[in-house]
Amino acid sequence: MVTLPRLVVAAPASGQGKTTVAVGLMAALVERGLAVAPAKVGPDYIDPGYHALATGRPGRNLDPWLTSPDLVAPLLVHGARTPAAADVAVIEGVMGLFDGRIGADGFASTAHVARLTASPVLVVVDISSASRTVAALVEGLRAFDPDVQVAGIVLNKAGSARHADEVRGALEARGLPVLGVLPRDAGVSAPSRHLGLVPAAERPEAAATLARLAEQTARHVDVDAVLELARSAPDLDVEPWSPDVVRAGTTTGSANAWPAPVVAVAGGRAFTFRYAETEELLRAAGCKPVVFDPAHDTELPAGTSGIYLGGGFPEAHAAALSTNQRLLHAVGEAVRAGTPTVAECAGLLYLARSLDEHAMVGAVPATAAMHPRLTLRYAVATLPTDSVLGPAGTTVHAHEFHRTRTDPTGLGAGAWSVEGAPDGFALDPAGTGRPTLHASYLHTHWAGNPSLATHFAQAVHSHADSAGRTDRGLGAHGGPLTEVAGGTAGQVRTPSRVTELAEAPRPDPLLHHGDAEVRDDGADLVDLAVNVRLPRPPGWLLDRIREASTRLAAYPDTRAARAALAEHHGVGPECVLPTNGAAEAFTLVATALQGRHPLVVHPQFTEPEAALRRAGRVPDRHVLRADTGFVLDPGTVDPRADLVLVGNPCNPTGVLTPGAVLRELHRPGRTLVVDEAFLDAVPGQPGSLVGPELADTLVVRSLTKTWGLAGLRAGYVVGDPRLVAALERRQTAWSVSSLAAEVMVATASSGARDEAADLARVAAADRAHLVRGLEGLGLRPVRGVAPFVLVETGVGVREALRDKGFAVRRGDTFPGLSAAWVRIAVRERGVTETFLQALAGVLRTVRRSTTTTPEGLSA
């Protein structure tokens with residue numbers, strides 16, 4: 001018998017907040033020092049990523065269809081014991097409580113898994129559009145199946161305490177205990193895209209979001225009551241599942257004489273979908289799974305004798321994958337040499353000739369592209385021929401989940417036969433006499449089909465033996481291999497706090513922005529780090545936004561915004577593209593504009609380079625020098641650069657480059673991208689490249705700085721129609737909100753332009769006042785025109801100013817600057833005077849400590 005406190009988090013339907021509550025509970029329980037075993041009903045890969053982040057353990061999937069009903073409880077217990085014994089298991093449901101495989105009477109539903117694991121059910125209900133009716137709904141869930149124990153309720157998105165009390169009263173009158181109430185603004189949700197939530201691995205801010213979610217859950221949910229509910233679950237009379245099931249059938253050849261052969265397992269942001277048991281089975285079969293990142297690693301792991309390419313979102317990272325030419329070549333060579341390779345869904349796309357017109361490996365003779373229709377199904381699949389996954393006739397349960405298509409969909413008999421039709425590709429590129437490459441959209445859960453792991457491992461061992469067993473002790477660059485140990489590489493083995501991840505990457509300085517200076521220490525700091533001039537939009541603009549909000553039921557339409565901006569700048573509508581702030585514009589530039597030698601002029605707003613790197617493109621840097629006043633000389637820019645990005649006026653230096661000088665950067669085959677985000681804050685907007693001649697030029701503009709709209713994200717691009725069209729083809733549908741589009745129309749009016757000009761004149765006068773004050777303290781601020789000032793104050797001044805209650809922007813995250821530099825936002829004169837007094841005191845202290853520091857030591 002196995003004692004395992006556990007519960008299932010379910011809901012009446014999708015979109016009720018299951019993931020928010022389930023992950024929040026996991027995080028809150030971990031914060032209490034408990035080891036939490038996470039699980040997810042169904043084949044979903046994304047939610048388990050958030051589970052793993054919250055608990056530090058691999059996310060597990062419980063799917064009676066993909067494995068078998070008899071394996072569900074054993075897999076749960078295995079997950080609760082791996083890598084160490086857990087104190088409690090939290091199982092997140094799927095869809096509505098009783099929604100399962102279509103036509104199968106609720107088979108593989110959340111309720112089915114709750115019965116198989118004898119787990120009490122905590123139901124999450126979105127009450128934003130109902131009150132007492134919620135009680136009738138939950139009463140129906142409780143009565144629908146007597147074998148399913150609906151034992152507690154969490155109310156989500158309560159409009160007010162009065163609203164929540166009305167619902168609570170109706171539920172508790174019927175003996176339905178309410179264990180928590182989450183206000184509308186308490187939930188923390190992940191961003192979505194075409195296949196659901198964005199995976200946690202693609203969200204750098206996920207850990208911080210999780211910490212807030214843990215705190216909110218502990219505040220609004222009775223965690224003690226939830227624990228008591230979990231402890232009410234009866235003991236389970238099962239044996240835990242073990243990956244050792246593959247050992248008896250695996251021929252390891254000379255495995256005892258040689259290191260375990262390496263199976264290269266695709267990971268990183270583009271390949272986040274795979275079941276935790278896959279690596280466990282491979283390891284039990286004598287193989288060594290090693291994770292590599294197809295977007296960034298330039299070589300396969302040393303000694304690779306097998307390749308496993310699981311699922312993910314390669315379509316979202318196609319540019320990064322495509323530009324990693326060395327790895328594409330290495331994978332292609334390995335596949336063509338007969339390396340046993342299994343590719344599921346994303347893996348199939350990666351091996352294709354191209355994906356959305358981005359070149360891929362080319363090992364599969366097909367092209368792939370996004371498709372308007374979603375494919376989502378369970379399937380029974382049979383191997384039509386002998387392959388690396390088993391002999392012909394092997395039948396498995398599988399699932400499909402994608403919004404892409406390949407042309408053709410398969411060759412010959414296919415990798416699988418589904419309902420008598422071929423599906424995918426079974427290829428023998430090395431001429432071995434049997435397919436060594438198995439590529440298909442179908443996902444299989446090897447725990448339910450261990451023979452697949454057995455036969456794949458046999459193929460890997462055989463290939464390793466035939467290759468002479470090369471050294472497998474070192475990685476591709478001579479360093480140690482990153483081996484998966486019971487989960488995804490980099491996960492916490494023994495969690496203590498939800499934000500502590502083993503081997504967590506250091507913060508990327510390119511991703512540091514001014515808002516972090518205030519956010520890190522709370523709201524008591526005077527904000528001189530963020531360059532948003534107004535504390536809130538003008539009243540007339542707020543009125544326009546409020547009026548536009550009444551039309552939010554309609555999808556956004558940016559045609560009027562495009563026309564208004566085009567008229568404002570005196571160009572055609574085809575020269576303008578509204579964007580979700582300047583940040584989206586830089587992402588579009590990075591993914592849509594091709595070139596071999598991108599170059600960023602620094603010091604510069606870091607998002608353009610960050611966007612290029614996210615797209616897999618590492619730009620050259622042209623770093624301007626302080627001793628020349630950070631002035632750009634076009635003649636010194638690398639002539640090979642075919643994509644040049646420069647700020648004007650530059651952030652953080654504030655230096656304005658004359659338009660004629662910028663035009664000297666033009667040359668055949670080069671695209672010039674100019675960030676003019678702050679030019680509307682400069683009187684007269686001198687130096688702008690927006691005009692009748694826009695060939696090979698893109699200008700990025702932002703409306704957030706002048707109009708106090710950082711939270712709304714409103715920007716646009718003006719430029720060469722050919723380049724604008726290329727960006728538009730890459731732009732996600734409806735990325736610009738209706739409210740942002742309304743702001744673009746409103747601020748393009750003549751009255752708004754006059755008001756912006758007045759604001760610019762005031763900002764220039766306030767800037768001059770700040771500069772005089774800094775010079776009066778013996779400092780030498782950089783000569784510039786932007787609504788901020790860059791100045792070298794010395795190391796430690798920024799930190800000392802924080803102690804005085806002032807936040808300024810650190811300089812050392814800008815390439816070309818050090819910790820001695822700070823950027824100071826221009827504010828009205830009263831704020832500036834108070835700041836200058838604080839700075840004077842700090843400088844006296846720093847200078848005094850410097851002069852009294854013993855020789856040989858640094859101050």
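Residue numbers count from 1 along this sequence. These figures come from a predicted structure and were not determined experimentally.
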Exercise for review: Give a yes or no answer on whether the side chain of Ser749 reaches the backbone of Ala746 with a donor-acceptor pair at less than 3.5 Å.
Suggested key: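 Answer holds: yes.
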
Point to revise | Side-chain (Ser322) to main-chain (Ala319) donor-acceptor, under 3.5 angstrom | key: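 No, the answer is negative, given that no donor and acceptor are paired below the 3.5 Å cut-off.
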
**Study point:** side-chain hydrogen bond (donor to acceptor under 3.5 Å, both in side chains) assessment of His666 paired with Thr697
**Key:** CA-CA 9 Å; His666 280 304; Thr697 302; 3.0 Å; yes

Should the heavy atoms of other residues, nucleotides or ligands under 6.0 Å from [atom1] of [X] be counted, would the total exceed 12?
X: Arg783; atom1: CZ; value: no
X: Arg551; atom1: CZ; value: yes
X: Glu357; atom1: CD; value: no

Exercise for review: Give the C-alpha distance, both sets of side-chain angles, the deciding distance and a yes or no for salt bridge (Lys or Arg N to Asp or Glu O under 4.0 Å) between Arg562 and Glu728.
Suggested key: CA-CA 12 Å; Arg562 201 168 194 168; Glu728 187 173 14; 3.1 Å; yes

Point to revise | Check against side-chain hydrogen bond (donor to acceptor under 3.5 Å, both in side chains), Arg809 and Thr813 | key: CA-CA 9 Å; Arg809 173 66 161 89; Thr813 62; 2.7 Å; yes

Taking atom [atom1] of [X] and atom [atom2] of [Y], what is their separation to the nearest 0.5 Å?
X: Leu672; Y: Leu698; atom1: CG; atom2: CG; result: 8.5 Å
X: Glu607; Y: Leu612; atom1: CD; atom2: CG; result: 10.0 Å
X: Leu665; Y: Thr657; atom1: CG; atom2: OG1; result: 8.5 Å
X: Leu817; Y: His602; atom1: CG; atom2: NE2; result: 10.5 Å
X: Ser750; Y: Arg753; atom1: OG; atom2: CZ; result: 5.5 Å

Review point. Under the side-chain hydrogen bond (donor to acceptor under 3.5 Å, both in side chains) criterion, do Thr706 and Asp680 qualify, and how do the steps go?
Key: CA-CA 7 Å; Thr706 290; Asp680 63 348; 3.2 Å; yes

Exercise for review: In sequence, state the C-alpha distance, the side-chain angles, and the governing distance for Glu584 and Arg713, and then conclude on salt bridge (Lys or Arg N to Asp or Glu O under 4.0 Å).
Suggested key: CA-CA 9 Å; Glu584 187 198 20; Arg713 313 309 304 140; over 6 Å; no

Review point. Using the benzene-type ring in the case of Trp, are the ring centres of Phe605 and Phe814 under 6.0 Å apart?
Key: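 Here the rings of Phe814 and Phe605 have centres that are no less than 6.0 Å from each other.
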
Check your understanding: Would Tyr716 and His569 count as a close aromatic pair, with their ring centres under 6.0 Å?
Key ->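 Between Tyr716 and His569, the centre distance is under 6.0 Å.
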
Check your understanding: With no hydrogens and no angle check, do the side chains of His568 and Thr747 hold a donor and an acceptor under 3.5 Å apart?
Key ->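 Thr747 and His568 do not have a side-chain donor-acceptor pair below 3.5 Å.
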
Practice item. Taking atom types as modelled, find out whether Thr579 and Gln731 have a side-chain donor-acceptor pair closer than 3.5 angstrom. Key: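 Side chains of Thr579 and Gln731: no pair found under 3.5 Å.
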
Review point. Which heavy-atom pair separates Ser738 from Ala554 by the least distance, and what is that distance?
Key: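 For Ser738 and Ala554, the tightest heavy-atom pair comes out as OG-O, 4.0 Å.
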
Exercise for review: Would you name the heavy atoms of Asp642 and Pro598 that are closest together and state the gap between them?
Suggested key: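 It is OD1-N, 3.8 Å.
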
Exercise for review: Start with the C-alpha distance between Arg827 and Asp766, add both sets of side-chain angles, then the distance that settles salt bridge (Lys or Arg N to Asp or Glu O under 4.0 Å), and finish with yes or no.
Suggested key: CA-CA 7 Å; Arg827 297 290 189 254; Asp766 289 343; over 6 Å; no

Point to revise | Derivation of the side chain to side chain contact (heavy atoms under 4.5 Å, CB included) call for Arg670 and Asp696 | key: CA-CA 7 Å; Arg670 174 183 289 175; Asp696 298 322; over 6 Å; no

Exercise for review: Before accepting this row, confirm whether a basic side-chain N of the pair Glu693/Arg663 lies closer than 4.0 Å to the acidic partner's carboxylate O.
Suggested key: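 No, Glu693 and Arg663 are not salt-bridged.
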
Exercise for review: Please report the C-alpha distance between Glu609 and Arg613 in whole Å, then the side-chain angles of each, then the deciding distance to 0.1 Å, and finally whether the salt bridge (Lys or Arg N to Asp or Glu O under 4.0 Å) criterion is met.
Suggested key: CA-CA 6 Å; Glu609 178 166 333; Arg613 289 178 176 270; 2.9 Å; yes

